[in-house]
Amino acid sequence: MDRPEALSQDGRTFATWLAETGAPPAARDLVGRLVSGGLLSGGPAENSLLETLFYVASAGGTGPLLGYEGGAQETRFVGGAQHLADRMASALPEGTLRLGEPVHTVEYVPDAARVHTPRGVMDAARVVLAVPPVLAGRLHYSPALPPLRAGLLQRMPAGTALKIHAVYARPFWRAAGLSGVAQSAEGVLTETVDNTPPGARRAVLTGFAYGAEAALLRRQAPGARRRAVLDHLTALFGPEAGEPEEFVAFDWLAEEWTRGCFSGHLVPGAWTTFGPVLREAVGPLHWAGTETAVHWNGYFDGAVESGYRAAEEVRRSL
Ligand SMILES: Cc1cc2nc3c(=O)[nH]c(=O)nc-3n(C[C@H](O)[C@H](O)[C@H](O)COP(=O)(O)OP(=O)(O)OC[C@H]3O[C@@H](n4cnc5c(N)ncnc54)[C@H](O)[C@@H]3O)c2cc1C
């Protein structure tokens, strides 16, 4: 934030910067779709150049982020990402976790806090808020949060990626020598992967739409949306792709306890104004979650890093 060019980078969108490069339109479109979409889960006009640079740098560059071999796309959780939380939870003493009990109000004084849930209250010397900013901003705080924290939470909306799964009797694309991985400069889907779980009876192609394409699909009726996605898969993988046994479009924007996909991002102009308080505690309230991570911001790794950092803050303050 102290760099002189940070202000100018925060005031320009990634789309503006792409236009300034003078690169051919096709190259700009593809880079915009892959970086602003595939990484920041929006469109190039939605994020500042500074937010884009921070996000890419936090993971060590576009190579580690977009790469399969040795990169972020190489591995997946067998059984789904929920396994990570389940395995961590299994190490905790019985009764530590209280599930199905969302916090709705946080009261605090300089050295203590009380959180309210539909089932009662809990008192604590410190509270770590490890929810996405879009959800933290919906809680009721008493007293109201300081202006910079309140403003920050208003300026970090969640990504808007739309995820689809097409399920087939067999992975027909492999027989044609295709991996199932595609990156498209045109069409509704920017990315596809072979998402077939190991040993599964059926095969899965998973696709993502971002930015303007995701907005277009959201405006369509379910039937038209399905047709648009399957037409794109057919263009990529042949006619069999148009006839899945099952089709699922899951919109995380409408998921109450997530409200977006993949993670939250500061809007243009917000890094240099509200960003400096991103990890700053408010009395006994500490802030965690992947959006507060220095490394692998937006990813599971970043969420874990933020947990260690917040725990260390709490330990020191006590
Ligand atoms: C479709 C999709 C695909 C993704 N793919 C990848 C990937 O391949 N690799 C990767 O590294 N990351 C991926 N991510 C990002 C990854 O999910 C996040 O980085 C990670 O989950 C962030 O963890 P977190 O603990 O910060 O927040 P969350 O995982 O959002 O956890 C917050 C928790 O708080 C709970 N909660 C919310 N409100 C309240 C409340 N009021 N009271 C109590 N509890 C509450 C929620 O139910 C949730 O369990 C993906 C995200 C999505 C949506």
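The chain is numbered in sequence order, starting from 1. One-based numbering, in listed order, for ligands and for the atoms of each.
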Can you pull every nitrogen or oxygen pair between ligand 1 and the protein closer than 3.5 angstrom?
unit_1   : atom_1 : unit_2 : atom_2 : d
ligand 1 : 11 (O) : Phe300 : N      : 2.9
ligand 1 : 19 (O) : Gly298 : O      : 2.9
ligand 1 : 19 (O) : Tyr299 : O      : 3.4
ligand 1 : 26 (O) : Thr290 : N      : 2.8
ligand 1 : 41 (N) : Val103 : O      : 2.9
ligand 1 : 42 (N) : Val103 : N      : 2.9

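Under the 4.0 Å criterion applied to side-chain N and carboxylate O atoms, Arg33 and Glu191 are not assigned as salt-bridge partners. Salt bridge Arg174/Asp194: present, at least one basic N to carboxylate O contact under 4.0 Å. We find that Glu313 and Arg279 are not joined by a salt bridge, their nearest charged nitrogen and carboxylate oxygen being 4.0 Å or further apart. In this structure, Arg316 pairs ionically with Glu312, as a charged nitrogen and a carboxylate oxygen lie closer than 4.0 Å.
Taking the centre and axis of the six-membered ring of Trp287, the NZ or CZ atom of Arg149 falls inside the cone set by 45° and 6.0 Å.
Remark: side-chain polar atoms of Thr196 are not paired, donor with acceptor, to backbone N or O of Ala203 under 3.5 angstrom.
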